[in-house]
Amino acid sequence: MTFSGTDGNQQGLYFGFKYLIGKTNQKPIVYVSEEAHYSIKKLADVHNLELRLIRADAMGHMIPSELERMIDASRPALIVIAAGTTFKGAMDDQEAIDQVLRRTNPVAVYRHVDAALFGGYLPFTKDRDVLNRRKLHYDSIAVSGHKFFGFDEPMGILITTQDVVQSINPFKVPYLNDAVPTITCSRSGLAALKFWWKIQRTGADGFAEQATTILANAIYLKKSLDHIGYPAYLNPLSNTVFFKRPSDAIIRKYDLAKDSDARLGGDLAHLLVMQHVTRATLDGFVADLKTELKATQ
Ligand SMILES: *Cc1c(COP(=O)(O)O)cnc(C)c1O
């Protein structure tokens, strides 16, 4: 259990750092897409890690050829894979990244997946293999508890392998007669109980139903926007629809987050279709955009 997605990312970076330094005696370089969550950049600051931001395409995915250009194979590589970028909901292409790693062959590699939001629902969809570790060989994955799972306070999970836990050579604590490999020493037992409660109450079928609903509603929103001729974008496997930024009044009414990208015509906003976002809400939103569109034409 972690305290948040960020805490999980920090743990992943720390395990990665310890794992790679254990294998090579060299500090790794962190590679992450420029569109990945800002927590990664902040954590690289906190831990004084060399960070290389890899350019992303207009839809938000790390560009594999850019990674290839930026990689220094003489140093260990700590790759952070975005499984759902925050603004555009892009999944980095793990297979393409793996091909780059095979070609460039850095002295050692550790892959951490940041799946704060998407990691909650993707395992319950037919596309679950995009996070299947038997197929994609990542070393750790972080998921937030208060996003898809909807907990009432920040929490999360980090999953890693025995190989990682056994290779990091943690500091032994004499009075515990053991080592505590996690960064925080105390963690919330209540958070684990809440997760257990949620799993019992909702079950895999319940999560699958929620996952299907949010993805179908995201496609519904994208189609509705296409229908009125409003510039909008939706990545595969994503519940995050992004579109030309509407007026401040609409931004305020729906509490939308803003960004911009010259490649997509400039100012943008996005809407995350979570479980509580109904089709009625989406219809109202699209009607508001349509009214605004008419007024400006
Ligand atoms: C929200 C988010 C985070 C941060 O998670 P917190 O649980 O809010 O700390 C990290 N990465 C991604 C991709 C996110 O969407």
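Counting starts at 1 for both ligands and their atoms, following the listed order. All values reported here derive from a predicted model rather than from experimental measurement.
Listed by number with element, the atoms of ligand 1 under 4.0 Å from a non-hydrogen atom of Ala116 are 2 (C), 3 (C), 10 (C), 11 (N), 12 (C), 14 (C), 15 (O). Of all atoms in ligand 1, listed by their number and element, those nearer than 4.0 Å to a heavy atom of Thr86 are 12 (C), 13 (C), 14 (C), 15 (O). Near Ser4, meaning under 4.0 Å from one of its heavy atoms, ligand 1 places the atoms 7 (O), 9 (O). Annotation for ligand 1: atoms under 4.0 Å from non-hydrogen atoms of Ser144 are 5 (O), 6 (P), 7 (O). Of all atoms in ligand 1, numbered sequentially from 1 with element shown, those under 4.0 Å from a heavy atom of Lys147 are 1 (C), 2 (C), 3 (C), 4 (C), 5 (O), 14 (C), 15 (O). Using a 4.0 Å cut-off to heavy atoms of Gly84, the atoms of ligand 1 that qualify are 13 (C). For ligand 1, the atoms lying closer than 4.0 Å to a non-hydrogen atom of Gly5 are 5 (O), 6 (P), 7 (O), 9 (O).
For Thr6, heavy-atom contacts with ligand 1 shorter than 4.0 Å involve the backbone as well as the side chain.
At the top of the distance list for atom 11 (N) of ligand 1, counting protein heavy atoms only, stands Asp114 OD2, 2.6 Å. Protein heavy atom at the shortest distance from atom 8 (O) of ligand 1 is His146 NE2, 3.5 Å. Closest to atom 4 (C) of ligand 1 among all protein heavy atoms lies His37 CE1, 3.3 Å.
Contact check on Lys27 versus Glu50 returns no salt bridge, with no Lys/Arg side-chain nitrogen under 4.0 Å from an Asp/Glu carboxylate oxygen.
Judged by the 6.0 Å and 45° rule, Lys290 forms no cation-pi pair with Tyr230. Note that Arg279 lies in the cation-pi zone of Tyr220, set by a 6.0 Å cut-off to the ring centre and a 45° limit from the axis.
Tyr121 has its side chain out of reach of Lys147: every pair of non-hydrogen atoms, C-beta onward, lies at least 4.5 Å apart. Using a 4.5 Å heavy-atom threshold, the side chains of Met155 and Asp7 count as separate.
With sequence neighbours excluded, no residue forms a ring-ring contact (aromatic ring centres under 6.0 Å, His included) with Phe15.
The distance from the NE2 atom of His47 to the OH atom of Tyr14 is 9.5 Å, given to the nearest 0.5 Å.
Listed by first then second residue, pairs satisfying ring-ring contact (aromatic ring centres under 6.0 Å, His included) with a partner in residues 247-282 read Phe87-His270, Tyr254-Phe285, not counting sequence neighbours.
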